Amino acid sequence: MENKILVTRSSMPEFDEYMNEIASMWDSHWLTNMGPKHKKFQEELIQYLGVENIDLMTNGHMALELSLQALNLSGEVITTPFTFASTTHAIVRNGLEPVFCDIDPITYTMDVNKLEALITDKTCAIMPVHVYGNICNIEEIDRIAKKYGLKVIYDAAHTFGETYKGKGIGSFGDASCFSFHATKVFNSIEGGAVCFKDDHFGSKLYELKNFGIHGPEEVPAIGANAKMNEFCAAMGICNLRHVDEEIEKRRVVVERYCSHLEGVEGLQLNPIQKDVKPNYAYFPVVFDDKVFGATRNEVFEKLAEHEIGARKYFYPLTNSFECFHGKYDLDKTPVARYISNRVLTLPLYADLPLEDVDRICDIVLKCRG
Ligand code: T4K
C-alpha cells in the first residue's frame, strides 16, 4: 500500500518545546492583545528578517488588507492574477479596483515591461507578488513607482527568510506582507506580518488591527481585529529556532526533484534567481503537453490515483473567479493564462522522504506514455 502524500505538511517543533514555550501563560493568563509572546516574536523576527519594523497580524490576508487601508488609498491598484485569492480580494475589499498586469513567463511575477502602460491618473498603488518565492523585478518596480508617485505593497507571503542582494526581502516597498500560515515554509499556525519603514504608517496599521482604537477612550479609525494571539506567537517563536534547518532540508528535496526532472523536454522548472537567497517554498512544474506528451491535468489525475496530492497553484486565475462575473478581460493576461493552465506544484516539505520524491517523479515521467 503506497502512503498518501499531500502537497505540503506543516512544520512543527517538538511537543515539549512548544509546551515549555506556552507554560508561562498558565501563570499570567495573558492569551492575546499584544502580550509578552507577541512582543518577543516580533523582536526576534526583526532580527531574523533583517527589517526595520514589523507588525504581527492574524494571517497574511489581513496583513495585505490592512496595509492597503493604512495607506488610505483610492482608485486603481495594479497587481497580477497569478496568485492566491487573497491578493486580489484584499484590493477589492478595500473598495479599490484591481488592474491586472500580465506575468513574466519564467519567474511568474509581474512583467515590468507591461506595467507602465497600465498606469492611469486613477492608479494609486502596485501590489506585486513574489510568487512561489520568486522575487519580482524590485528595481524596476521601484523606479516606475517613484516616477508616478505610486505606493508599493509587496505580497511576500511566499518569501519568508529570503534575501535580495543581501537585504531582507521584507525591506522593499512601502510595505511587505508575509504569511505564516500552516502551509508555509515558516508558520505560526495562522499568522502574518507587515514589514514597513514609515512610523506613521506603522501606527495607523497598529490601530487598524485593533478595531481602530488609539487609546481606551479614543477611536479615530474604523478598524478590524487582526491581532495575533499568544499561542500562535509561541508557535512562531519555536518554529523560528528551526527554520534554517527546515529550509536546508527543503533544498535537498528540491535538488532531488531537479535531478529527475531538469532537462526533460516539455517541462519548465522554477528559475534560480541571481542575488536571491531562496527558501524553496514551492516546486512548480509547467507542462508543455505538446512537447512533454501529457497535459498538466493528466499528470494531476495520475498522481491522484496514487494518492499524491499535487496542487494547481495557481489555477484558476483570480481575474477569472466567478465572484467577478466576467468583469475582467482575460485576453489582457495571456501569459498568466498559459502558465495557470499548465502548472502543477508537486509535494514539498522539509521531511518529505527522498524515496517519495523518486516515486513522484517516476509517476510524472511515465505519464509521457
Ligand atoms: N498571498 C498569497 C500569495 C498566498 O499564497 C496566501 C496564502 C496569502 C496571500 C494569504 O495568507 P494567509 O491569510 O493564508 O496567511 C493554502 C493556504 O491556506 C494559504 O495560506 C496559501 N496562501 C495557499 C497557497 O494555500 P489551500 O486551500 O490550498 O490549503 P489546504 O487546506 O488545501 O492545505 C494544503 C495542504 O497543506 C494540505 O493538503 C495538507 C497541508 N496542511 C494543511 C493545513 C491546513 C497541513 O499540513 N497542515 C495544516 O494545518 O490554501
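Whatever order the structure lists them in is the order used to number ligands and atoms, beginning at 1. Note that the coordinates shown come from a computational prediction; the quantities given were computed from them, not determined experimentally.
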- Message: Geometry only, no angles: is Gly60 polar-contacting ligand 1 at N/O separations under 3.5 Å?
- Response: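 Between Gly60 and ligand 1 (N or O atoms, distance only) the closest approach is under 3.5 Å.
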- Item | Nitrogen or oxygen of His61 less than 3.5 angstrom from that of ligand 1 | yes
- Task: State the CZ-CD distance between Arg241 and Glu44, to the nearest 0.5 angstrom.
- Result: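 The CD atom of Glu44 is 7.0 Å from CZ of Arg241, to the nearest 0.5 Å.
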- Task: Output the distance between atom CD1 (Ile22) and atom CD1 (Ile237), rounded to the nearest 0.5 Å.
- Result: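 Rounded to the nearest 0.5 Å, the CD1-CD1 separation comes to 11.5 Å.
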[atom]: the protein heavy-atom neighbour that sits closest, reported with distance to 0.1 Å:
atom                    : value
atom 39 (C) of ligand 1 : Thr8 O, 3.5 Å
atom 38 (O) of ligand 1 : Leu6 CB, 3.7 Å
atom 44 (C) of ligand 1 : His181 CE1, 4.2 Å
atom 28 (O) of ligand 1 : Tyr313 OH, 2.5 Å
atom 4 (C) of ligand 1  : Phe84 CB, 3.5 Å
atom 41 (N) of ligand 1 : Thr183 CG2, 4.0 Å
atom 35 (C) of ligand 1 : Val7 CG1, 3.7 Å
atom 1 (N) of ligand 1  : Asp155 OD2, 2.7 Å

- Side chains of Phe160 and Leu240 in contact at under 4.5 Å (non-hydrogen atoms):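 In short, these two side chains touch, coming nearer than 4.5 Å.
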- Query: Under 6.0 Å from the CZ atom of Arg93, do we count more than 12 heavy atoms belonging to anything else shown?
  - Reply: no
Hey, are [X] and [Y] close enough for a salt bridge, meaning a charged N less than 4.0 Å from a carboxylate O?
X      : Y      : answer
Asp351 : Lys249 : yes
Glu255 : Arg251 : yes
Asp331 : Arg337 : yes

- Item | Sub-4.0 Å protein heavy atom near atom 31 (O) of ligand 1 | no
Report the member of [options] with the shortest heavy-atom distance to [atom].
atom                    : options                        : answer
atom 11 (O) of ligand 1 : Ser179, Pro347, Ala182, Gly309 : Ser179
atom 47 (N) of ligand 1 : Ala63, Ala193, Ser10           : Ser10
atom 3 (C) of ligand 1  : His130, Met57, His158, Arg9    : His158

- May I ask you to decide if the ring planes of Tyr132 and His158 are parallel, tilted or perpendicular, using 30° and 60° as cut-offs?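 Tyr132 vs His158 ring planes: parallel.
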- Query: Once the angle between the rings of Tyr328 and Phe324 is folded into 0 to 90°, is it parallel (under 30°), tilted (30 to 60°) or perpendicular (over 60°)?
  - Reply: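 If you compare the ring of Tyr328 with that of Phe324, the planes turn out perpendicular.
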For ligand 1, is [X] a contact, meaning one of its heavy atoms is under 4.0 Å away?
X      : value
Tyr132 : no
Lys184 : yes
Gly191 : yes
Met62  : no

- Item | Region of Phe178 that comes within reach of ligand 1 [heavy atoms, distance under 4.0 Å] |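 None of Phe178 does.
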- Note on the structure: For Arg311, the ligand 1 atoms with a heavy-atom partner under 4.0 Å come out as 26 (P), 27 (O), 28 (O), 32 (O), 34 (C)
- Have a look at Lys114 and tell me which of Thr333, Val335, Ile103 forms a side chain to side chain contact (heavy atoms under 4.5 Å, CB included) with it. Val335
- Task: State yes or no: are the ring centers of Tyr108 and Tyr313 separated by less than 6.0 Å?
- Result: no
